[in-house]
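Everything quoted here is computed from the prediction, not taken from an experiment. Residue numbering restarts at 1 for every chain, and letters A, B, ... go by the order of the sequence lines.
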There are 2 protein chains.
Amino acid sequence: MPPSKSKRPVPASSNTKTSPALGERRASILDAIVSRYIGTAQPVGSGQVADATGLHLSSATIRSEMAQLEQEGYLAQPHTSAGRIPTDKGYRYFVDHLTTPTSASTPELKKVRTFFDEVHGELEEVLERSSTLLADLTSYASVVVAPGHTSSQVRSMQLVSLEPTSVLLLVILSDGTVDKATVTLDTPIEEAVVAEASVLLDAHCRGRQMVDISPLPSSNSPAVQAVLTAVQASVIEVEQGATNDHVFVGGPSKLADAFDAVETVRSVLSILEEQLVVVSLLRDVLNSGLSVAIGQEHGFEPLASCAVIVAPLSIDGKPAGAVGLLGPTRMQYPAAMAAANAVGAELSERLNRRKNDGGAA
Amino acid sequence: MPPSKSKRPVPASSNTKTSPALGERRASILDAIVSRYIGTAQPVGSGQVADATGLHLSSATIRSEMAQLEQEGYLAQPHTSAGRIPTDKGYRYFVDHLTTPTSASTPELKKVRTFFDEVHGELEEVLERSSTLLADLTSYASVVVAPGHTSSQVRSMQLVSLEPTSVLLLVILSDGTVDKATVTLDTPIEEAVVAEASVLLDAHCRGRQMVDISPLPSSNSPAVQAVLTAVQASVIEVEQGATNDHVFVGGPSKLADAFDAVETVRSVLSILEEQLVVVSLLRDVLNSGLSVAIGQEHGFEPLASCAVIVAPLSIDGKPAGAVGLLGPTRMQYPAAMAAANAVGAELSERLNRRKNDGGAA
DNA sequence: ATTTAGCACTCGATAGAATCGAGTGCTAGC
DNA sequence: GCTAGCACTCGATTCTATCGAGTGCTAAAT
C-alpha cells in the first residue's frame, strides 16, 4: 500500500481506541457481540463477529476469544452450539467503554431543543410532557422525578380555614408552583384567628427560600400560636415535597414492545405503578454514582431483566430530581443515554430559567 | 311426580326467569356458554353445555339450538368442529339479562366501605386510591375521571403576581381542592394593582358556586379592570376543569394478564396514555345511556377487543365524573359491574359529604 | 313435533421423526 | 499465533400420523 499522498499521516480511520483493560482485540469482539445482540436479540455466533468487525480474523480465532470472554463472565451461551449472549457484566463493559460518544446525535438534540422552546405553561405540564418526549425519543418507558421545593423561593404562604377544625396550608412558589396540605386541628379555631396566623406566616415566609422558613414565627396570642404550631409539620412536609406525587411516567406501553414475555411486561408495569419504589430506585442509582444500572446491579429483584438509565436534574448546581429510562438489559444504550442526558440537561436549564426569571414561560 | 307436600307451590327453584325474547331455553344456553367462556377462554361445545345447564337435554338438542344462536348472531365459531364463542351481541344479551343481581356481593361491598372509611386526605389522593382499589378488586385496569368544579363552592380566589407580565390565578374550593392557572398579561402590571384586583375578585367570588362567578366584577381603575379582563378566560377554564389533568388510571399492569396477545396489551396501554381519549370515551358511553360498552359498541376502533364498564359519579344528584373499568370483552361482567357500581356509589357519597361538610376527612 | 342416539366428518392440537443448519470445540498444520 | 478442517450438538423447522373434541345430519324414539 503506497501512501499516494504524503499529506495524511493518520487518515480518517474512525477506529476509536478508547479502552485498554481486557485487551484491545477482545474488547472489540465483545463490543461487536453486544451491539449486534442489542439489535437482533439473537445469540451472536463467531462467524457473524468475524464478518462484522474491522479486524480480519477467522471465525476460529474469534471463537477461542469468545470462549475466553465467556470464562471471564462477559458472555453466556443459551445452550451448546448456540451463539453468545452478553451477561450483565458484558453490558457493563460495553457502556463503560462506549466507542460512540455519549453526547446526543445532532438531529435528536435539535428535537429536544425545539421541544423545550415550544413547551410552556405549568411546571407539571412541562415535566409530564418531558417524560412523554423521552419515551417517544427512545421507545422505552421513561420516568421524571420532579425536583423538591427545597431551594425554591416562596412567593406567598397562606392559611385558609375550611372547617372549624381543618385548615388548608397553601404555598405559592415564585416559579408558579403551588403546593398544599390539609392540617387538622385539635380544637375548633375561629376564622379570624386563622386569618391572623396566615398574615403572620405570609409575612415571615414571603421571599425566603423553603429551607429557611423553619422555625416559624411565634405569636403573643395563644390561639394563633396554636395554629402555627399545628401547621409546622405540614410546612416541612411540603418543603420536602412529600405532599404531591411528583413522578411522571411516560410511555409505559413501550414496555410491551421492549419485552417479549408478557409476564415480564406485567411485572415491570406493576412496579412502575408504585411511585415510591421508582423514586427510591432512581435515587439509589444516582447515589451510587452511576448513570446506568444493568440487571442485578441495583439489588432490586423484580427488575433483574431491566436496565435503568438515569440522568440527574440540577437547579443552581444542586441535585433536584432526575429523569430515567427503563428498558430491557439489551437496550440501545448509546442512543438512550444520549437522549436521557440531553433531556436532563435541557430540562435542568429550563428549570433554572424558570426559577430565576420567576413564573411560567 | 306426586307433589309430596302441598306446601310449596313454587319451590326455591332458583331459576331466575328474567328474560323473554329469544326464548327461555335458548337464553339459558347462551347464558351457560357466555359464563363458561368468560371463565375458561376456550370455545364451548355442546357437550359442556349439556352437562352444565340445569335443563336436561342431550348434546344434540343443544347443538341445534346453538346453530340457531349462531345464525342469529349471538355466537361464532372459530372454525368448524370447534365449540362456540360469544359475539359482541352475545355478550350484550348476557349483560342485559344478567341472572345474577348486579348489586355487589357482600364481602366486596364491605371491602369498599371500609376502604372509604379509612381513606382520608386530599381529594386527589382519594381519587387515586379509589382507582387502585377498583383495579385490585376486579383485576382490570380502572379509570377515575374527577368531577369538574362546576358545582363547587369557592372558598377563596386570589391573584398572585409572579412576573410583571404574568399572574397566577388561584382558586380554593370549599372541599379543599386548589386549582390554578397562569395568566399572561399584555403589558406589565404593578404588584399593587394585581393585589387590588385580587381583593376585588376574592370578595366577589367567595362563597359563590363556580357557575355563578361569571361575569367578573368591574373596577373603576382601568389598570385593575385590565387585569380582571385578562383573568376572565382562565376562570372559565378552571371552572370547566380544563386546567389540571384529572384522570387517574389504576392497575394498568392488569392488562397484561387480561389479554394474551402482547400486541393488544401494547395498543390498549397506549390508549390509556391519552387521557383526553379516555375521558371522552367514558363520556360517550355514559351519554349513550349505557353502563357497559362491548367491543365495537363505542365506535372506537383500537378498543374493539375491549369492554368498558362505566359508573357515573354524582354530586347533589348532578353528574360529576365517572369511574370506569377496561378489560377484554370476555370480562367478568357481573363482578366487575358490581364493583364499579359500588365504588361509584360510595365515592359519590364521600364526595357529597366532602363538599357539604367542607374540607377534608 | 321434539328430542335423541348414532355416525361420518372436520380440523386444530399434540407428538414423533427426520432434517437442517448455525454454531461449537478441538486438532493439526501453516 | 492463526486458520482450515472436522466431528458433533442441539434448537428450529418441517412433515406426518394420530387423537379427540366438536359438528351437522339423519333416522329412530318419545
Side-chain angles (χ1 to χ4, degrees), chain A residues 22-87 90 260-261 330, chain B residues 1 22-30 32-87 90 260-261 330:
Chain A
L22 215 171
E24 174 102 15
R25 193 174 70 179
R26 208 171 288 171
S28 59
I29 291 176
L30 177 57
D31 184 278
I33 293 174
V34 176
S35 315
R36 188 157 189 120
Y37 183 71
I38 286 174
T40 64
Q42 297 297 325
V44 182
S46 56
Q48 297 178 40
V49 177
D51 294 350
T53 53
L55 17 95
H56 298 280
L57 294 172
S58 76
S59 65
T61 312
I62 306 277
R63 220 142 47 220
S64 75
E65 295 283 39
M66 281 166 74
Q68 284 291 334
L69 282 167
E70 180 172 2
Q71 255 193 327
E72 296 171 42
Y74 293 99
L75 295 177
Q77 227 174 349
H79 57 268
T80 348
S81 95
R84 299 305 205 294
I85 278 181
T87 60
D260 27 35
R330 50 168 280 272
Chain B
M1 276 194 189
L22 216 172
E24 174 103 16
R25 193 176 67 179
R26 209 170 287 172
S28 59
I29 290 176
L30 178 56
I33 293 174
V34 175
S35 315
R36 190 160 186 118
Y37 183 72
I38 285 174
T40 64
Q42 298 296 326
V44 182
S46 55
Q48 298 179 40
V49 177
D51 294 350
T53 53
L55 15 97
H56 297 281
L57 293 172
S58 76
S59 65
T61 313
I62 305 277
R63 220 142 48 219
S64 76
E65 295 282 38
M66 281 166 73
Q68 285 290 332
L69 282 167
E70 180 172 3
Q71 256 193 327
E72 296 172 42
Y74 293 97
L75 295 176
Q77 225 175 351
H79 56 270
T80 345
S81 93
R84 301 305 207 292
I85 279 181
T87 59
D260 25 36
R330 51 167 279 270

Do any side-chain atoms of residues 47-56 of chain B form donor-acceptor pairs under 3.5 angstrom with protein atoms, and if so which ones, sequence neighbours left out?
unit_1	atom_1	unit_2	atom_2	d
Gln48(B)	OE1	Arg36(B)	NE	2.5
Gln48(B)	OE1	Arg36(B)	NH2	3.4
Thr53(B)	OG1	Val49(B)	O	3.0
His56(B)	NE2	Gly54(B)	O	3.4

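- The shortest non-hydrogen separation linking Ile33(B) to Val44(B) is O-CG2, 3.8 Å.
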Below 3.5 Å, can you tabulate the donor-acceptor pairs from side chains in residues 78-85 of chain A to any protein atom, sequence neighbours excluded?
unit_1	atom_1	unit_2	atom_2	d
Arg84(A)	NE	Glu70(A)	OE1	2.8
Arg84(A)	NH2	Glu70(A)	OE1	2.9

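- Across every non-hydrogen atom of Ser46(B) and Met66(B), the tightest pair is CA-SD, 3.8 Å.
- Between Gln42(A) and Tyr37(A), the shortest heavy-atom distance links the atoms O-CD1, 3.0 Å.
- Under the rule for a salt bridge (charged side-chain N to carboxylate O under 4.0 Å, His left out), the partners of Arg26(B) that lie at least two apart in sequence or sit in another chain are Glu65(B), Glu72(B).
- Atom C1' of nucleotide dT24(C) and atom CD1 of Ile33(A) are separated by 13 Å, given to the nearest angstrom.
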Just the table, please: protein N/O against nucleotides 7-11 of chain D N/O, every pair under 3.5 Å.
unit_1	atom_1	unit_2	atom_2	d
dT9(D)	O2	Ser81(A)	OG	2.7
dC10(D)	OP1	Thr80(A)	OG1	3.3
dC10(D)	O4'	Ser81(A)	OG	3.2

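- Contact check of residues 41-48 of chain B against DNA chain D (heavy atom, cut-off under 4.0 Å) returns Gly45(B), Ser46(B), Gln48(B).
- Between Ile62(A) and Ile29(A), the shortest heavy-atom contact is CD1-CD1, 4.0 Å.
- The interatomic distance linking Arg26(B) (CZ) with dT3(C) (C1') rounds to 15 Å, in whole Å.
- Rounded to an integer number of Å, the gap from CE of Met66(A) to P of dC26(C) is 14 Å.
- In terms of phosphate contacts, Arg25(B) brings a side-chain nitrogen or oxygen within less than 4.0 Å of OP1 or OP2 of dT3(C).
- For the pair Ile85(A) CD1 and dG23(C) P, the interatomic distance rounds to 12 Å; values are reported in whole Å.
- Spacing between atom CD of Glu65(B) and atom C1' of dA1(C) amounts to 14 Å, rounded to whole angstrom units.
- At a non-hydrogen distance threshold of 4.0 Å, Arg63(B) from residues 51-64 of chain B come into contact with DNA chain D.
- Between the CD atom of Gln71(B) and the P atom of dG24(D) there is a distance of 10 Å, rounded to whole Å.
- In this structure, Ser28(B) has no side chain to side chain donor-acceptor pair (under 3.5 Å) partners at least two apart in sequence or on a different chain.
- In this structure Ser58(A) satisfies the side chain to side chain contact (heavy atoms under 4.5 Å, CB included) test together with Ala60(A), Thr61(A), sequence neighbours excluded.
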